[in-house]
> 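Submitted below is the structure of interest, expressed as structure tokens.
Each chain gets a letter, A, B and so on, in the order the sequences are listed, and its residues count up from 1.
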Amino acid sequence: MANRNTESEQDLAGPTIDRRTTISLLSAAGLGGLAGCAGGGGGTEAGGDEGTNTGSDDGDSMDSTPTGGRLQAGWFTGSIDNLDPPYISVGQYFQLAANVFSGLTKLGPDLQIEGDLAEDWSIADDGATFTFSLRDDVTFHNGNSFTADDVEYTIRRTIEEETPAASKLSSLQPIDDGGVEVGGDYEVTIRWESPNATSLVYLTRGPGRAVTIVNQQAIEEMGADQYNITPVGTGPFEVTNHNTGNNITFDAYDDYFETDDDGNQLPYLDGIDVQMIPEPASIVNALRSGDIQFANLLPLQNLDQVESDNEASLDTAPGINWYGLAMNQEREPFNSLQARRGIAKVIDNERFVETAYFGNALADTGVINRGTGWAWRENKPSNQDYAPDEGQQLIEESGAAGAGFSILANEGGTREAEAMRLQLNEAGFDVDIEQVTSSTYWTRYEEGDYDVTISGSIIDPDPEQSLWNFYRLPDQGGVWNWVRYENEEVHQMLAEQRAETGREARRDILWEIEDTLIEQVPHAYLVHQDDIAGVRSKVGGFQHLSGLRNFHQVYLDE
Amino acid sequence: MWRYVAKRTAHAFFVMWLVATTVFVGLRSVPGGPVRAMLGQEATPEAVASLRAELGLNDPLYVQYVDWFASMLTGDFGRSITSSESVGQLIASAAPRTISIAALAVTLGLAIAIPAGIIGATRRNQSADYVATLGAFVGISLPAFFVGILLAIVFGVWLGWFPVVGYTPLSEGVIPWLRGIILPSIAVGLPYAAGVTRMMRSSLIETLNEQYMRTAVAKGVTSRTRLYKHALQNALIPVVTIAGIQLALILGGSVTVEIVFGIQGLGRVLVNSILERNYPVTQMTILLVAGIFVFMNLLVDIMYTAIDPRIRYGGEEA
């Protein structure tokens, strides 16, 4: 163990973690899909078969990279209510905020972990203590210099204000008891309660966002409410105008500290004009007409229109998520294991992918996604494999045949609910859909006021994090355990794997947990959904990391 | 007269209070609240409880009501729960967009409807009448959002004449402003025009069959004078009434059209705020829309009594 940890410390030291270790780290953090995306898992260069890299931004073309111009972007949402990192709970909001802020680390174009605001770092205490040397040439958009005090302020604010991101810092030692120690203007030490190798991924500006640096003076001067809308960060773009339900204007920050490989100042663009477009047909029309040159998401039902367009195309990355049919075990017939198994077996996941996602997802009967390279396996237990006859028999034996129940769905989940209802009704159930607003949905789901619903983890920064939140006992860490699944064995194994620093040993425990979950069916596992953006042909340099939309290296041709 | 005006004004304020109270209670009786949706799945139950307390959502309903009402009377409309923006500011930035679309839609609608109705009435059962009548039926049958999507595909995607999303303020120039609102205005204005065309046609036909029109013919009045001086003036009275009532159609249509064209007007603000249970924004937007209707009616009532003393309301002497 000692040798392994020593090697691990060397591997994790800054300022840049080699690609091999990065892939291991990303995998350990559940972001192996990104590594696989870039290199196909085989050590090849970025831009492999599955990874996407719009336009040509290879080294040869860098000298001629066009600069200037404003990117017209569409965001598939009704409003962007919040750009203050620790408060953001919506992925689409953070995709934009990651262009305004910096983290201590970041994912580079080849998906290696690099210093962002941290220039270098060293590891101690078997990976529980990280000491960062910070850049001394960084300023916030308001002209303030960035120092180690900003790191401490950010962490303190995130925890003390009980922001949604605070849960990612739950294993940090108390701040005033060594958790965060400022060692000068440009040095800061962060201590976790136990070895935490994956924390470097959590410290990225995206998808980590546990320590995305905010500006104290700006918050105090403009007030938290205004900072929420027009925040001040150290990132490549600054927010110059924000109408929450309509548009946001980002201008390039001239003093941004990062340059490209040839020493050219980033970002290349003069700015980004983001328009919120909540209507599916409209965002596709806007992309096709050229009103926007980039769509952050595209409605699945309209993808063929973009595919057939000469000037626009899809940009796809495999999703690092999972979705399943959550069955409320406090209600009949879902309190019967036999009934849940039967239901899982009568659902044809491949068909569900076609009808609900138009084929843009990976059917799977487990919770760990393929992107999690080291933890992924093709041969998962067969307990939830499609076997309609066997499923029907289980349903009949459990007495659940012909049961009537409803699928709780919000406005964005209607298609999936319809596809599920179709299959369940064909299996002899009498299923309705209860479509409610998101506000009602979350309240009812949390309070257990539902029969079944399709839910899951949207971006898994680590398999254990979603497993922990979904399947620990509800009052001991299982904050999302709204299926009311209680299994002491799984509960304990989740704790064991968190303490295990050996990757293979940890993987074995995760597999054991997944085996148990597949067998006991708290969810009937369904899919891992692809992440799809839309891009006009004149847009170059976009590096598509699943769930992220970073524009600092994007440029416009012509 | 003044007593009547005072009574009608008091009545209008009572209606507004009733609307405000109904909206306040109604919103909170629906299951679900803003906090979990706002903080997301990631937030701990403690964080959810903490924010609920901070927003005052744990207070008894009557306490929340009194706080809200008292603040409103002092001109403090509160802040959006989701974005923390001032509600007054939010509505002030959305209203010009809806008003722009509505104004152009009414202008276009009337510009189409009045001539179409006259043509239909004066050339009854001729091909021009059939075209106008068919057009009106089609206009009424097609929902505004569907027309909007069709217009966006044809004039935005295929022809590239107009933007398919977004709004440019009037302060940035009349042409960009008009380019941004022309398609949504047509989408909302067409169903409006269809309704007014039908009323214009039927009202004019009825008027042309009146005895005094025959008398005018007997007196040798020219057909142009008969139509524009005698018939049209009388036929317009019910048309104006319908045109006014159908303004509600414009506001209703603007909700979906604003979503289709990505314009943050009052309609979209209202829909978003309802979906998010953003109580302060929903309450004030509904109050604003209700206020427009209530006080326009009040104005019309008062003008009626001033113009025509024969009109009596509730036995009250004018």
> Under a 4.5 Å heavy-atom cut-off, does chain B meet the side chain of A:Asn228, its backbone, both or neither?
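Side chain only.
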> Provide the closest heavy-atom pair for A:Ser289 versus B:Gly156 in the form atom of the first, atom of the second, distance.
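That would be CB-O, 3.5 Å.
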> For chain B, which of A:Thr244, A:Asp309, A:Ile277, A:Val436 has the most heavy-atom pairs under 4.5 Å?
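Ranked by heavy-atom pairs under 4.5 Å with chain B, first place is A:Thr244.
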> For chain B, find which of A:Ser79, A:Ala166, A:Pro278 contributes the most heavy-atom pairs closer than 4.5 angstrom.
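The candidate making the most pairs under 4.5 Å is A:Pro278.
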> In terms of heavy-atom pairs under 4.5 Å with chain B, which of A:Val284, A:Asp84, A:Thr437, A:Asp291 leads?
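Ranked by contacts with chain B, first place is A:Asp291.
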> Answer yes or no: are there more than 12 heavy-atom neighbours, outside A:Tyr227 itself, under 6.0 Å from its atom OH?
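Check passes, neighbour count above 12.
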> Atom CD1 of B:Ile153 and atom CZ of A:Arg288: how far apart are they, to the nearest 0.5 Å?
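Reported value, rounded in 0.5 Å steps: 7.0 Å.
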> Relative to chain A, which of B:Ala94, B:Ser86, B:Pro163 shows the most heavy atom pairs under 4.5 Å?
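The answer is B:Pro163.
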> Which atoms of A:Ala286 come close to chain B, meaning under 4.5 Å heavy atom to heavy atom: side chain ones, backbone ones, both, or neither?
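Both backbone and side chain.
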> Heavy-atom distances under 4.5 Å only: say whether A:Asn247 touches chain B with side chain, backbone, both or neither.
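Contact with chain B is absent: no heavy atom of A:Asn247 under 4.5 Å.
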> Evaluate whether atom CZ of B:Phe69 has more than 12 neighbouring non-hydrogen atoms of other residues, nucleotides or ligands under 6.0 angstrom away.
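Result for CZ/B:Phe69: enclosed.
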> What residue in B:Gln89, B:Arg79, B:Glu85 has the most heavy-atom pairs under 4.5 Å with chain A?
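Highest number of pairs under 4.5 Å: B:Glu85.
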> Is a side-chain donor or acceptor of A:Gln275 paired with a backbone partner of B:Gly262 at a separation under 3.5 angstrom?
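Checking the backbone N and O of B:Gly262 against the side chain of A:Gln275, a donor-acceptor pair under 3.5 Å is found.
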> Can you say whether B:Leu90 sits under 4.5 Å from chain A via the side chain, the backbone, both, or neither, judging by heavy atoms?
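Interface part for B:Leu90: side chain.
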> Looking at CG of B:Asn272 and CG of A:Asp81, how far apart are the two atoms once the value is rounded to the nearest 0.5 Å?
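Spacing of CG (B:Asn272) from CG (A:Asp81) equals 8.0 Å.
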> Tell me, with the steps shown, if A:Asn246 and B:Arg97 meet side-chain contact (heavy atoms from CB on, under 4.5 Å).
CA-CA 11 Å; A:Asn246 200 61; B:Arg97 295 164 193 180; 3.3 Å; yes
> What's the spacing between A:Asn285 CG and B:Trp158 CH2 if we round to 0.5 Å?
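Result: 10.0 Å between the selected atoms.
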